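This report concerns only the one structure given below.
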Amino acid sequence: MKKSICVVGNAPLGVDFSDLVDNSAVVYRINDCKNYDGLSGQKTDIVLINNLGDSVPRYLVEKPFLNKEICAKSEKFVIVRDHEVHRQFLISTNQQRFLPMIEDQTTSIILENKIPLNKVVRYSGKFNLRVFNTLLDVRAKERISDELFIMPSTGMFAILHALTRWRSHGFEINLIGFAFSGWGGHPWSCEKKLCSDLHDGNHVVWHRTARPDEDAPGAA
């Protein structure tokens, strides 16, 4: 059996993946970890947190990262977005109207959710650029021009980090809970196409379980 890495999104699950997840070497979860302790088991090693955009105020009110089990299990809480990379992208693509929504609220998220500082890390600006450029390449190749692209989803950061970090070591990358739909500012068509190609190329296993009428924000 191949060694497994699991990236768990927040879309509805129709199959119990608990054994696969809990027996994986590393498990990534995203934002408010909606599938935690459901059909995706409990193992949690890395939690990716969106620090820019419209969803951030919700984290300050609902405080999803106060879950003591998740906090105890997770080795890292990753602050995903580099503010300057996102700002420059909006300027270079003539989307300055969205600049007010990308205020970095990392400090407030950490304080309000009582996330231990020794567990907090950040993705670099260089990695942020790689994620943007990967999706821009897909967009150009597939000639996708009618879809709003404000920023990649948090899930896309997790998927590309898992591939970069673990694929060369012989791990199978399993994607669970991804429907690639939701908030209109993510380039869902590009992300879905990329993951379909990765799946077909045997780089990842994308477990498609959500029916079209059950699609939820599966990667944000």
Side-chain angles (χ1 to χ4, degrees), residues 1-53 55-82 104-124 127-128 131 153-167 169 171-179 182 204-205 207 209 216-220:
M1 178 181 293
K2 291 184 179 180
K3 298 177 291 185
S4 173
I5 303 294
C6 280
V7 183
V8 183
N10 293 321
L13 301 179
V15 176
D16 191 343
F17 293 105
S18 298
D19 287 343
L20 174 61
V21 173
D22 287 340
N23 288 296
S24 291
V26 177
V27 176
Y28 294 72
R29 294 185 189 270
I30 298 163
N31 291 330
D32 36 9
C33 306
K34 291 179 181 178
N35 284 318
Y36 176 78
D37 199 20
L39 298 178
S40 71
Q42 294 187 342
K43 183 172 174 61
T44 305
D45 298 290
I46 302 171
V47 177
L48 273 67
I49 301 176
N50 173 38
N51 53 305
L52 305 176
S55 64
V56 174
R58 186 176 83 244
Y59 305 152
L60 302 180
V61 174
E62 299 177 3
K63 303 178 182 180
F65 312 112
L66 280 176
N67 184 308
K68 293 181 179 179
E69 280 192 12
I70 292 177
C71 195
K73 291 175 184 292
S74 181
E75 295 180 4
K76 295 179 183 179
F77 287 86
V78 181
I79 305 302
V80 170
R81 304 184 188 280
D82 182 275
D104 191 346
Q105 300 192 55
T106 298
T107 300
S108 296
I109 293 171
I110 292 171
L111 291 176
E112 291 296 324
N113 287 273
K114 298 181 180 179
I115 299 172
L117 289 177
N118 65 339
K119 291 189 175 185
V120 177
V121 298
R122 280 181 176 269
Y123 282 151
S124 67
F127 181 66
N128 271 248
V131 175
S153 71
T154 308
M156 186 51 52
F157 281 86
I159 292 166
L160 291 179
H161 185 269
L163 284 165
T164 302
R165 175 67 179 84
W166 302 106
R167 183 175 59 185
H169 296 284
F171 285 86
E172 179 179 82
I173 312 300
N174 288 277
L175 310 184
I176 297 165
F178 285 91
V204 303
V205 179
H207 301 272
T209 59

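Model, not experiment: these values are computed from the prediction.
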Would you name the heavy atoms of [X] and [Y] that are closest together and state the gap between them?
{"X": "Ser40", "Y": "Val21", "value": "O-CG1, 3.1 Å"}
{"X": "Asn10", "Y": "Lys34", "value": "OD1-N, 3.0 Å"}
{"X": "Cys6", "Y": "Leu20", "value": "SG-CG, 3.9 Å"}
{"X": "Val7", "Y": "Ala162", "value": "CG2-CB, 3.9 Å"}
{"X": "Ile70", "Y": "Cys33", "value": "CD1-CB, 3.9 Å"}
{"X": "Pro64", "Y": "Asn113", "value": "N-OD1, 3.4 Å"}

Quick one: list whatever passes side-chain hydrogen bond (donor to acceptor under 3.5 Å, both in side chains) with [X], sequence neighbours left out.
{"X": "Glu75", "result": "none"}
{"X": "Asp22", "result": "none"}
{"X": "Asn23", "result": "none"}
{"X": "Ser18", "result": "Asp16"}

Discussion item. What I want to check is whether the side chains of Thr154 and Asn50 have a donor and an acceptor closer together than 3.5 Å.
Written reply: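 Absent: no donor and acceptor within the cut-off.
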Worksheet entry | Residues Gln105 and Tyr59: side-chain donor-acceptor under 3.5 angstrom | no
Worksheet item: For Glu62, which residues count as a salt bridge (charged side-chain N to carboxylate O under 4.0 Å, His left out) partner, sequence neighbours excluded?
Response: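 Counting only residues at least two positions away or on another chain, Glu62 forms a salt bridge (charged side-chain N to carboxylate O under 4.0 Å, His left out) with Arg58.
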Practice prompt. Please list, chain by chain and in numerical order, all residues satisfying salt bridge (charged side-chain N to carboxylate O under 4.0 Å, His left out) with Glu112, sequence neighbours excluded.
Written response: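 Salt bridge (charged side-chain N to carboxylate O under 4.0 Å, His left out) check on Glu112 returns Lys63.
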Test of understanding: with side-chain contact (heavy atoms from CB on, under 4.5 Å), list the residues that count as partners of [X], not counting sequence neighbours.
{"X": "Ser74", "value": "Thr44, Val47, Phe77"}
{"X": "Arg122", "value": "Asn51, Ile79, Asp104, Thr106"}
{"X": "Val26", "value": "Ile5, Tyr28, Asp45, Ile46, Trp166"}
{"X": "Asp82", "value": "Glu84, Val85, Asn128"}

Worksheet item: How far does CG of Leu60 sit from OG of Ser55, to the nearest 0.5 angstrom?
Response: 10.0 Å
Worksheet item: At what distance, to the nearest 0.5 angstrom, does CE of Met156 lie from CD1 of Ile30?
Response: 9.5 Å
Quick one: are [X] and [Y] in side-chain contact, heavy atoms under 4.5 Å?
{"X": "Val56", "Y": "Ile109", "value": "yes"}
{"X": "Lys73", "Y": "Tyr36", "value": "yes"}
{"X": "Leu48", "Y": "Arg29", "value": "no"}

Fill in: Evaluation steps, side-chain contact (heavy atoms from CB on, under 4.5 Å), between Ile110 and Val120
CA-CA 8 Å; Ile110 292 171; Val120 177; 3.9 Å; yes
Worksheet entry | Check: Asn35 side chain, Ala11 main-chain N or O, donor-acceptor pair, under 3.5 Å |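 At least one qualifying donor-acceptor pair exists.
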Item to complete: I would like to know whether Val15 and Leu39 meet side-chain contact (heavy atoms from CB on, under 4.5 Å); could you show each step before the answer?
Response: CA-CA 7 Å; Val15 176; Leu39 298 178; over 6 Å; no
Practice prompt. Start with the C-alpha gap between Ile159 and Phe178, add the side-chain angles, then the distance that decides, and say whether side-chain contact (heavy atoms from CB on, under 4.5 Å) holds.
Written response: CA-CA 11 Å; Ile159 292 166; Phe178 285 91; 4.0 Å; yes
Worksheet entry | Residues forming a ring-ring contact (aromatic ring centres under 6.0 Å, His included) with Tyr123, sequence neighbours excluded | Phe127, His161
Item to complete: Apply side-chain contact (heavy atoms from CB on, under 4.5 Å) to Phe171 and Leu163, showing your working.
Response: CA-CA 9 Å; Phe171 285 86; Leu163 284 165; over 6 Å; no
